[in-house]
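Whatever order the structure lists them in is the order used to number ligands and atoms, beginning at 1.
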Amino acid sequence: MTTKIGFIGLGRMGKPMASHLQKKGFDLIVLDLNQQAVAELVALGATAGQSVADIARSCNIVITMLPSSVEVEKLSYGADGIFANAAKGTILMDMSTIDPLATDRLSAEANKHGLTMVDAPVGRLAEHADRAECLFMVGASDADFKTVTPLLNAMGNSTFHCGPVGTGGRTKLVNNYVAITLTQVNGEALALSQRFGLDITKTLAVLLGTSANNGQLRMNFPNKVLAGDTTPGFTIDLAHKDLSLVVNAAHAAKVPMPVAAAVHESFSQARAAEFGAIDFSGIADVICEVSKINKPRVPKGWKPS
Ligand code: NAD
């Protein structure tokens, strides 16, 4: 069988990732609940999968890019799922951010069916996925890592083989703890600056020029919340899901993370106030709105120096 790639989950991240694979010559069968996203991939030359079982039967590598463990497990297990229908030797490469314990269970079940699992969650932002500049954290055997590397190179420009299956997702939790917490810290700092009545561009110049500088403030905030654009990106709902994974994993491993718990609950409040669907940089707006402070905005065309 020639290499055939199944791609399930064509959302904010999966659609550009699958598009890069298709445009760079990989043979894709795609599936999503959203038929518009499927149609966009078909327009690029991909085939629309009829079902999960159809995809599993016809592919050597099945990629999942779904919201959470719930969807990945639902599509993997059961008579209509990936494991029951894939040929021996098929690789399931899950690129979603899910519970690492679910990854461990999926990997064990995959092996029982003669399949192998790779966990390759994605770092950086949606805009990087658009430009094929993702960073991947990969948990895989050496052989599987070699097999999936050409695919990763088509979707991104930085790949780290973190170790065996399960290490990709665990690395991702460590990374997202820092990245998401930075949005909260920046949001609080910008709210304080606004309350003080400071010039936001001067506050930003100072923060970006000292050790307070951080990736969220430099890479994400200027294009999103500071520019008044809170379309996702990465939603507050997904950030909350990742913080839940971090807090649960930390509890299980007996690692105290009081800051993670506090930021988790700030994101719980944002969701309760119906901000779950906006970009996670929008946590700055949520803090300002609750505190009746003017939202932090930079003049049109402002860029960090
Ligand atoms: P998304 O919600 O935009 O996309 C998820 C897609 O899965 C949707 O198109 C949805 O229709 C589809 N889907 C859900 N259930 C399905 C099912 N049963 N069958 C078929 N399709 C189904 O999410 P996203 O932002 O693309 O994120 C996907 C994953 O990547 C998440 O785990 C997220 O945490 C992670 N991630 C997101 C970003 C980001 O910036 N958005 C960055 C890195 C990692």
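Residue contact annotation: Lys172 has a non-hydrogen atom under 4.0 Å from ligand 1.
Asp27 places no side-chain N or O within donor-acceptor distance of the main-chain N or O of Gly25, the cut-off being under 3.5 Å. In this structure, the side chain of Ser96 engages the main chain of Leu66 through a donor-acceptor pair within 3.5 Å. Between the side chain of Arg105 and the backbone N or O of Pro100 there is no donor-acceptor pair closer than 3.5 Å. Within the 3.5 Å criterion, the main-chain N or O of Leu115 finds no donor-acceptor partner in the side chain of His113.
Among protein heavy atoms, atom 40 (O) of ligand 1 sits closest to Phe234 CB, 3.3 Å. Protein heavy atom nearest atom 18 (N) of ligand 1, with residue, atom name and distance: Leu75 CD1, 3.5 Å. Nearest protein heavy-atom contact of atom 4 (O) of ligand 1 is Gly11 CA, 3.2 Å. Protein heavy atom at the shortest distance from atom 30 (O) of ligand 1 is Met65 CE, 3.0 Å. Of all protein heavy atoms, the one lying nearest to atom 23 (O) of ligand 1 is Leu238 CD1, 3.8 Å. In terms of protein heavy-atom proximity, atom 35 (C) of ligand 1 is nearest to Thr97 OG1, 3.6 Å.
Ionic pairing of Arg170 and Asp104 is present here: one or more N-O contacts between side-chain nitrogen and carboxylate oxygen are shorter than 4.0 angstrom.
Relative to atom 17 (C) of ligand 1, the option among Leu31, Asp94, Leu33 with the closest non-hydrogen atom is Leu33. For atom 28 (C) of ligand 1, the nearest non-hydrogen atom from the set Leu125, Leu66, Val122 belongs to Leu66. Between the choices Val52, Asp32, Val30, the shortest heavy-atom distance to atom 8 (C) of ligand 1 belongs to Asp32. In this structure, of Ala126, Ser69, Pro67, Gly233, the residue bringing a heavy atom nearest to atom 41 (N) of ligand 1 is Gly233.
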### Query
Where do Glu40 and Lys15 land on the salt bridge (charged side-chain N to carboxylate O under 4.0 Å, His left out) test, with the steps shown first?
CA-CA 9 Å; Glu40 287 180 42; Lys15 192 169 73 176; 3.0 Å; yes
### Message
With salt bridge (charged side-chain N to carboxylate O under 4.0 Å, His left out) as the criterion, how do Glu109 and Lys112 come out once you've worked through the C-alpha distance, each side chain's angles and the decisive distance to 0.1 Å?
### Response
CA-CA 5 Å; Glu109 190 63 23; Lys112 283 188 203 159; 3.4 Å; yes
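Of all the atoms in ligand 1, the ones that sit under 4.0 Å from a non-hydrogen atom of Leu10 are 9 (O). When each atom of ligand 1 is checked for a heavy atom of Glu71 under 4.0 Å away, the hits are 15 (N). In the vicinity of Arg124, heavy-atom distances shorter than 4.0 Å reach the ligand 1 atoms 42 (C). Each of the following atoms of ligand 1 lies closer than 4.0 Å to a heavy atom of Ser96: 32 (O).
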Residues 247-254 side chain polar contacts: donor-acceptor under 3.5 Å, at least two apart:
from, atom 1, to, atom 2, distance (Å)
Asn248, ND2, Ser244, O, 3.3

Contacts under 3.5 angstrom, residues 134-146 side chains, donor-acceptor by atom type, not counting sequence neighbours:
from, atom 1, to, atom 2, distance (Å)
Ser141, OG, Asp144, N, 3.1
Asp144, OD2, Thr116, OG1, 2.7

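By the 6.0 Å contact criterion, CG on Asn294 is open, its count of non-hydrogen atoms from other residues, nucleotides or ligands being 12 or less.
Relative ring orientation between His264 and His240 is described as parallel, the plane-to-plane angle staying below 30° on a 0-90° scale split at 30° and 60°.
Residue contacts with ligand 1, taken as heavy atom pairs separated by less than 4.0 Å, involve Lys241 solely via side-chain atoms from C-beta onward. Under 4.0 Å from ligand 1, heavy atoms of Arg12 appear from its side chain as well as its backbone. If you look at His128 next to ligand 1, there are no close heavy atoms at all, none under 4.0 Å.
Residue-to-ligand polar distances place Met13 within reach of ligand 1: an N/O pair is separated by less than 3.5 Å.
To the nearest 0.5 Å, the span separating NZ on Lys295 from CD1 on Ile287 amounts to 12.5 Å.
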